[in-house]
Amino acid sequence: MMPSTSSSGKSLRLARLSGHGDERYLFVPLDHSVSDGPIATVGGFQDLVRDVVDGGADGIVVHKGRARVLAPELLADCSLLVHLSASTAHGPDVNAKVLVGDVDEAISLGADAVSVHVNIGSDTEADQLTDLGTVAAACDRWGMPLLAMIYPRGPRVTDPADPALVAHVVSIAADLGVDIVKTVFASPAERMAEVVESSPIPVIVAGGGDASQSVQDFAVSALAVGCSGLAVGRRVFNSPSPRTTVRELAEIVHGPQGSPVPIQTSRMAGAL
């Protein structure tokens with residue numbers, strides 16, 4: 001049976017998300033200006049994106065308004081993921097994510113994928129799951145890959161790194177139609193391998209804020225237990241040299257000078 005136009009489009013876009021064709025991903029989220037405030041001047045943001053791209057990131061994550069003002073040539077060698085969720089540090093519930101964009105807008109901006117944030121265990125979990133399902137359906141109609149940033153986070157979560165809980169949120173993403181899931185790294189680290197093995201879709205981990213471990217060592221640990229990559233934001237744009245940090249992470253994710261790192265298990269077929 002020939003694939004539908006939308007599934008063919010999703011296959012093409014998913015392939016572009018892994019710039020080295022190895023089903024591994026290094027994404028740099030730069031959407032923090034909505035939740036926390038500006039991360040750079042206007043010119044500084046353009047320079048930051050240039051450093052991230054030149055360093056070898058597979059994609060950047062930004063909100064729709066920021067995507068509109070980026071110089072198109074900056075993304076010639078990097079995928080664009082448009083983030084559809086938002087909340088701010090000033091709201092009554094920072095874990096209450098709401099949709100502020102849709103798939104149609106992302107398509108008009110030339111996005112290669114969209115992302116949605118869901119906090120499992122939050123007071124508004126039901127609304128966030130509803131939003132995820134709505135976006136997933138739209139992504140299927142349009143052949144748009146969907147990244148879910150899904151975390152155990154809220155008043156009923158006592159240990160957000162609990163392996164069983166992390167495995168549960170990952171399974172929620174897979175069951176609701178997500179193509180790539182971003183979540184926290186389980187603790188102890190060796191249990192993260194169980195999380196990955198339980199998932200039919202690629203699992204990438206958030207960059208982590210543990211000052212006792214370098215982001216490079218964190219990346220090595222993540223890849224060693226089978227994660228398909230990382231999404232690192234603050235530890236890139238707050239570093240003395242974002243380009244150098246991204247280049248070092250890209251070599252860990254993809255291998256030196258872009259030489260593919262052997263993949264333990266291939267999940268791309270399950271993502272389509």
Check ion pair D112-R16 (N to O, under 4.0 angstrom): yes

When Ile, Leu, Val, Met, Phe, Trp and Tyr are grouped by side-chain heavy atoms lying under 4.5 Å apart, directly or through other members, which residues fall in the same group as V34? none

Looking at S85 and L99, would you say the former's side chain and the latter's main chain have a donor-acceptor pair under 3.5 Å? no

Between E105 (side chain) and D102 (backbone), is there a donor-acceptor pair under 3.5 Å? yes

Quick check: does any side chain N or O of E197 sit under 3.5 Å from a backbone N or O of A193, one acting as donor and the other as acceptor? no

Please report the C-alpha distance between Q128 and S122 in whole Å, then the side-chain angles of each, then the deciding distance to 0.1 Å, and finally whether the side-chain hydrogen bond (donor to acceptor under 3.5 Å, both in side chains) criterion is met. CA-CA 9 Å; Q128 294 179 52; S122 69; 3.1 Å; yes

Salt-bridge criterion met for R13 and D179 (N-O under 4.0 Å): no

Within the 4.5 Å heavy-atom criterion, are L17 and L147 side-chain neighbours or not? no

Work out which heavy atom in V215 is nearest to a heavy atom in G207; give both atom names and the distance. CG2-O, 4.1 Å

Between A57 and V28, what is the shortest heavy-atom contact and its length? CB-CG2, 4.0 Å

With a 4.5 Å limit on heavy-atom distance, are the side chains of H63 and V100 in contact? yes

Between V178 and L146, which heavy-atom pair has the shortest distance, and what is it? CG1-O, 3.4 Å

Side-chain donor/acceptor of S199 to backbone N/O of V195, under 3.5 Å: no

Would you say Y151 and P160 make side-chain contact, with heavy atoms under 4.5 Å? no

For a 4.5 angstrom cut-off between non-hydrogen side-chain atoms, does C139 reach V114? yes

F185-L165 co-clustered via ILVMFWY side chain contacts under 4.5 Å: no

Side-chain heavy atoms of M192 within contact of T183, under 4.5 Å: yes

Quick check against the 3.5 Å criterion: does D58 have a side-chain atom that pairs as donor or acceptor with the backbone of G19? yes

Is the number of heavy atoms from other residues, nucleotides or ligands within 6.0 Å of CG (D104) greater than 12? yes

Output for pair (I252 CD1, L26 CG), nearest 0.5 Å, gives 9.5 Å

What I want to check is whether the side chains of D22 and S18 have a donor and an acceptor closer together than 3.5 Å. yes

What heavy-atom pair brings P200 and S198 nearest, and what distance separates the two atoms? CD-O, 3.8 Å

Can you confirm whether H32 is buried at NE2, in the sense that more than 12 heavy atoms of other residues, nucleotides or ligands lie under 6.0 Å from that atom? yes

Looking only at heavy atoms, the pair that brings S33 and L30 closest together is OG-O, 4.4 Å

Hey, is the main chain of S115 close enough, under 3.5 Å, to the side chain of H83 for a donor-acceptor pair? yes

So do the side chains of V203 and S228 get within less than 4.5 Å of each other, counting heavy atoms only? no

Any non-hydrogen side-chain atom of V52 less than 4.5 Å from a side-chain atom of R243? no

K97 versus S87, closest heavy-atom pair with distance: NZ-OG, 2.9 Å

Taking Q46 for its side chain and V69 for its backbone only, find out whether a donor-acceptor pair lies under 3.5 Å. yes

So side chain to side chain donor-acceptor pair (under 3.5 Å) across residues 152-164, not counting sequence neighbours, yields D123-R156

Taking the side chain as C-beta and beyond, is there a heavy-atom pair between V205 and V184 under 4.5 Å? no

